[in-house]
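Encoded as structure tokens, the structure appears first; notes follow it.
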Amino acid sequence: MNNSRIRQSRRQHLQSLAGGLCFIIPVFRGGRQGQPVLAPGPWFGEMAQRAGLDAFRDTCGSIAKNYLVECAGSGVALFDYNHDGLLDVFFLNGSTFEILDGGHLPRTSSRLFRNNGDGTFTDVTRPSGLVNDGWGMGVAVADFDNDGHPDVFITNFGPNRLFHNNGNGTFSDVTQDAGVEGGNWSTGCAWGDYDRDGRLDLYVARYVDFHRATIPRPGANDYCLYHGVPVACGPLGLPGLADLFYHNEGNGKFREVSRETGVIDTDKAYGWSAAWCDFDNDGWPDIFVANDSMPNYLWHNNGNGTFEEIGMTAGCAVSADGRPQSSMGIALGDYDNDGWMDMLVTTFSEDYKTLFHNVKGNFDDVSLQAGLGITTFKNLAWGTGFIDYDNDGWKDIFIANGHIYPQADEAGNHYFQNNQLFHNLRNGRFALLPDSESGFTKALSSRGAAWGDLDNDGAIEIVVNNIGHHPFLYSPRQHGGRSWTRIRLTGTRSNHDAIGARVRVTANGTAQTDEVRSGESYVSTCDLRLHFGLGDSAVVERIEIRWPSGLTETHTNLPVNRELQFEEGKQGK
């Protein structure tokens with residue numbers, strides 16, 4: 001979120017590049033250039049009202065949004081809190097300064113919706129005890145104490161919260177005992193076992209050292225203008241906050257270890273989202289942080305309890321032309337099925353959304369070559385993911401859009417923007433589906449997004465948290481008749497959720513790779529089960545699992561169209 005003069009130079013540069021590329025790399029429809037012919041009608045329908053999820057409405061500051069914290073929005077998590085085999089939906093909620101100032105207004109709260117198994121959901125927030133009444137930002141769900149029950153960490157504008165799952169449908173706030181309260185303005189969060197001791201550690205990104213009394217008013221300087229229109233100030237011109245890194249000591253306790261591990265955010269960059277992933281295939285989880293208006297971080301795990309920041313040398317800190325971008329959300333996935341995990345990073349409006357292709361641990365910005373230049377340029381994007389929506393075995397791209405400034409409509413853009421679905425053409429390029437084909441026909445200002453198989457039928461649903469409005473529930477209308485497999489892992493030597501496990505699935509001679517992770521998209525958590533589309537495959541030829549402990553296992557000749565469960569060190573079932 002840089003000032004308008006910087007934005008103008010970025011736009012001119014991109015238009016000069018994209019203008020040439022649009023003649024070299026056209027977008028073809030109707031099955032040409034590797035794109036399968038799409039079935040008639042939309043792929044998704046918006047079902048939040050029918051499902052009962054429209055009972056939630058996000059609150060985030062004033063209508064005018066005079067301060068940046070009022071513009072940020074919140075995340076969403078999909079997880080099975082009560083072990084009934086169905087994914088439940090958890091929405092973070094924001095707040096207002098009037099509420100936080102201690103007036104007589106009721107507190108806002110996060111909302112937990114139990115999956116009823118019939119396409120509807122019931123609000124169980126109060127009886128569950130999973131009540132975050134602060135200004136909610138991000139959420140990461142994982143079993144931090146290996147007791148078999150998913151716990152919930154929440155970042156806030158204000159103290160963070162850790163809720164322990166009691167295993168009986170209720171949660172207890174254990175923040176103070178755990179020592180993970182943090183403070184001020186935390187954003188993205190993610191779980192991962194950096195030292196492979198079987199206990200999950202926690203990375204917490206932070207944004208601006210925000211004190212309302214010291215923040216300039218809209219229009220006060222160049223960092224408070226968008227195309228000449230007064231808007232909320234920042235983040236440039238405001239002080240940043242160092243990120244936090246917690247080691248899981250066991251017994252429910254955590255210790256902040258940034259300095260001793262080398263994860264020292266000396267630049268105090270404006271962090272939005274964080275995600276763990278083994279980018280160089282060395283068996284040790286690394287950490288990527290999407291920073292706003294400053295270079296991104298890639299913390300490389302040295303395998304000895306320390307990290308080195310290599311974002312610039314690895315090629316994912318800035319864009320191809322050397323610009324720090326306003327990075328928001330993170331998608332992780334092997335979109336070209338070469339065995340290396342790639343990244344898509346969402347960015348501000350008047351800038352392309354950046355596709356980083358992983359070349360043996362280093363990254364090339366291939367956004368324009370992939371067809372993501374003009375098609376993503378005007379939108380301001382947040383939640384994102386590599387999602388195989390049609391189960392053809394090739395990861396597609398979902399992007400949640402929405403401007404940060406309500407004043408964008410006065411400045412030649414739009415506050416409400418349509419979300420986007422890009423089809424993988426299997427040749428390194430993506431084609432944007434029209435809204436009539438994706439089903440994303442309603443425009444709001446979207447933020448956090450998460451996806452998973454809510455009804456266990458082999459097709460992926462997408463849940464989106466919209467700032468100031470009800471959420472979206474995109475439910476598949478077409479399944480395409482293609483095969484799929486869903487993989488659930490349980491660690492024994494590794495952490496219980498097997499976060500960090502690398503899985504390679506081979507069917508019809510095509511190998512796909514993914515990792516179990518908690519914390520991705522924009523400040524959100526998706527289904528920890530791994531979903532693989534298999535095209536017309538009749539059998540899964542081979543599944544290779546590299547557990548976080550280092551143990552590797554192989555399973556062969558497995559059935560399609562069902563969930564496969566594997567426990568570390570034991571046969572699959």
Side-chain angles (χ1 to χ4, degrees), residues 69 72 74-75 77 90-95 97 99-102 107-110 112 125 128-145 147 149-166 170-194 199-212 239-261 263-265 268-274 276 287 289 448 518-519 523-525:
V69 70
S74 305
F90 179 68
F91 293 105
L92 263 295
N93 201 356
S95 188
F97 290 117
I99 292 173
L100 296 186
D101 287 344
R107 303 281 290 191
T108 56
S109 171
S110 58
L112 176 64
T125 307
S128 75
L130 186 54
V131 179
N132 180 68
D133 58 3
W135 196 314
M137 289 294 306
V139 55
V141 178
D143 181 6
F144 76 84
D145 57 353
D147 67 353
H149 308 293
D151 310 300
V152 181
F153 180 78
I154 295 170
T155 60
N156 286 308
F157 170 55
N160 301 323
R161 307 281 290 277
L162 176 61
F163 289 89
H164 178 259
N165 190 325
N166 300 319
T170 69
F171 292 81
S172 298
D173 186 342
V174 297
T175 309
Q176 290 190 345
D177 287 343
V180 291
E181 190 173 32
N184 204 303
W185 188 355
S186 302
T187 49
C189 50
W191 295 98
D193 184 4
Y194 78 89
R199 298 190 298 266
L200 288 172
D201 311 301
L202 180 64
Y203 192 97
V204 180
R206 296 201 293 174
Y207 195 59
V208 166
D209 186 3
F210 189 94
H211 302 277
R212 187 166 32 134
L241 285 169
D243 295 347
L244 301 171
F245 192 33
Y246 295 100
H247 180 258
N248 189 336
E249 302 283 291
N251 300 315
K253 306 292 184 182
F254 290 80
R255 180 169 55 92
E256 214 287 325
V257 293
S258 297
R259 187 162 298 279
E260 66 188 72
T261 59
V263 183
I264 306 172
D265 183 5
K268 296 184 178 180
Y270 310 118
W272 270 136
S273 300
W276 298 70
I287 306 168
V289 184
S518 172
V523 298
S524 296
T525 296

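Since we're looking at a predicted model, the values are computed, not measured.
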Residues which pass side chain to side chain contact (heavy atoms under 4.5 Å, CB included) with Arg212, listed by chain and number, not counting sequence neighbours: Tyr67, Phe97, Asp101, Phe210
Pairing residues for Phe171 by the ring-ring contact (aromatic ring centres under 6.0 Å, His included) criterion, not counting sequence neighbours: none
Partners meeting side chain to side chain donor-acceptor pair (under 3.5 Å) with Asn251 (sequence neighbours left out): none
Residues in side chain to side chain donor-acceptor pair (under 3.5 Å) contact with Gln176, at least two apart in sequence or another chain: none
Criterion ring pair (Phe, Tyr, Trp, His ring centres under 6.0 Å) on Phe153 and Phe144, from CA distance to verdict: CA-CA 10 Å; Phe153 180 78; Phe144 76 84; 9.7 Å; no
Test log, rule side chain to side chain contact (heavy atoms under 4.5 Å, CB included), inputs Asn160 and Val180: CA-CA 7 Å; Asn160 301 323; Val180 291; over 6 Å; no
Side-chain heavy atoms of Asp133 within contact of Arg161, under 4.5 Å: yes
Partner set under side chain to side chain donor-acceptor pair (under 3.5 Å) for Asn93, not counting sequence neighbours: none
Smallest separation among heavy atoms of Cys189 and Gly138, with atom names: SG-C, 4.0 Å
Residues in side chain to side chain contact (heavy atoms under 4.5 Å, CB included) contact with Lys253, at least two apart in sequence or another chain: Asp177, Glu249
Results of side chain to side chain contact (heavy atoms under 4.5 Å, CB included) for Ala72 - residues two or more places apart only: Met137, Trp185, Trp272, Tyr522
Closest non-hydrogen atom pair, Ala142 against Trp191: CB-CD1, 3.5 Å
Gly158 backbone acceptor or donor facing Trp135 side chain under 3.5 Å: no
Side chain Thr525, main chain Ser518, donor-acceptor under 3.5 Å: no
Exercise: identify the closest heavy-atom pair between Ala205 and Val289: CB-CG1, 4.4 Å
pair Ser109-Thr125: side-chain heavy atoms closer than 4.5 Å: yes
Minimum-distance pair of heavy atoms, taken over all atoms of Leu244 and Gly182: CD1-CA, 3.8 Å
Heavy-atom side-chain proximity of Val523 to Thr155 below 4.5 angstrom: no
Matching residue for His164 among Asp145, Thr175, Asp173 - test: side chain to side chain donor-acceptor pair (under 3.5 Å): Asp145
Test item: Asp243 and Val263 side chains (from C-beta on) under 4.5 Å apart, heavy atoms: no
Minimal non-hydrogen separation, Leu130 against Ser110, with atom names: O-OG, 3.4 Å
Closest contact, heavy atoms only, Gly136 versus Ser74: O-OG, 2.7 Å
Residues in salt bridge (Lys or Arg N to Asp or Glu O under 4.0 Å) contact with Asp147, at least two apart in sequence or another chain: none
For Arg206, all residues meeting salt bridge (Lys or Arg N to Asp or Glu O under 4.0 Å), sequence neighbours excluded: none
Listed once per pair and sorted, the salt bridge (Lys or Arg N to Asp or Glu O under 4.0 Å) pairs that draw on residues 185-194, sequence neighbours left out: none
OH on Tyr246 to CG on Leu200, rounded to 0.5 Å: 16.0 Å
Rounded distance [0.5 Å steps], CZ in Phe163 versus OG in Ser172: 9.5 Å
Atom pair CG (Leu241) and CG (Asn184), whose distance is rounded to the nearest 0.5 Å: 4.5 Å
For Glu260, all residues meeting salt bridge (Lys or Arg N to Asp or Glu O under 4.0 Å), sequence neighbours excluded: Arg255
Side chain proximity check, Val141 to Phe90, heavy atoms < 4.5 angstrom: no
Tyr194 ring center within less than 6.0 Å of Phe245 ring center: yes
Distance in Å, Ile287 CD1 paired with Thr261 OG1, rounded so as to fall on 0.5 Å steps: 8.0 Å
With Asp151 via side chain to side chain donor-acceptor pair (under 3.5 Å) - residues at least two apart: none
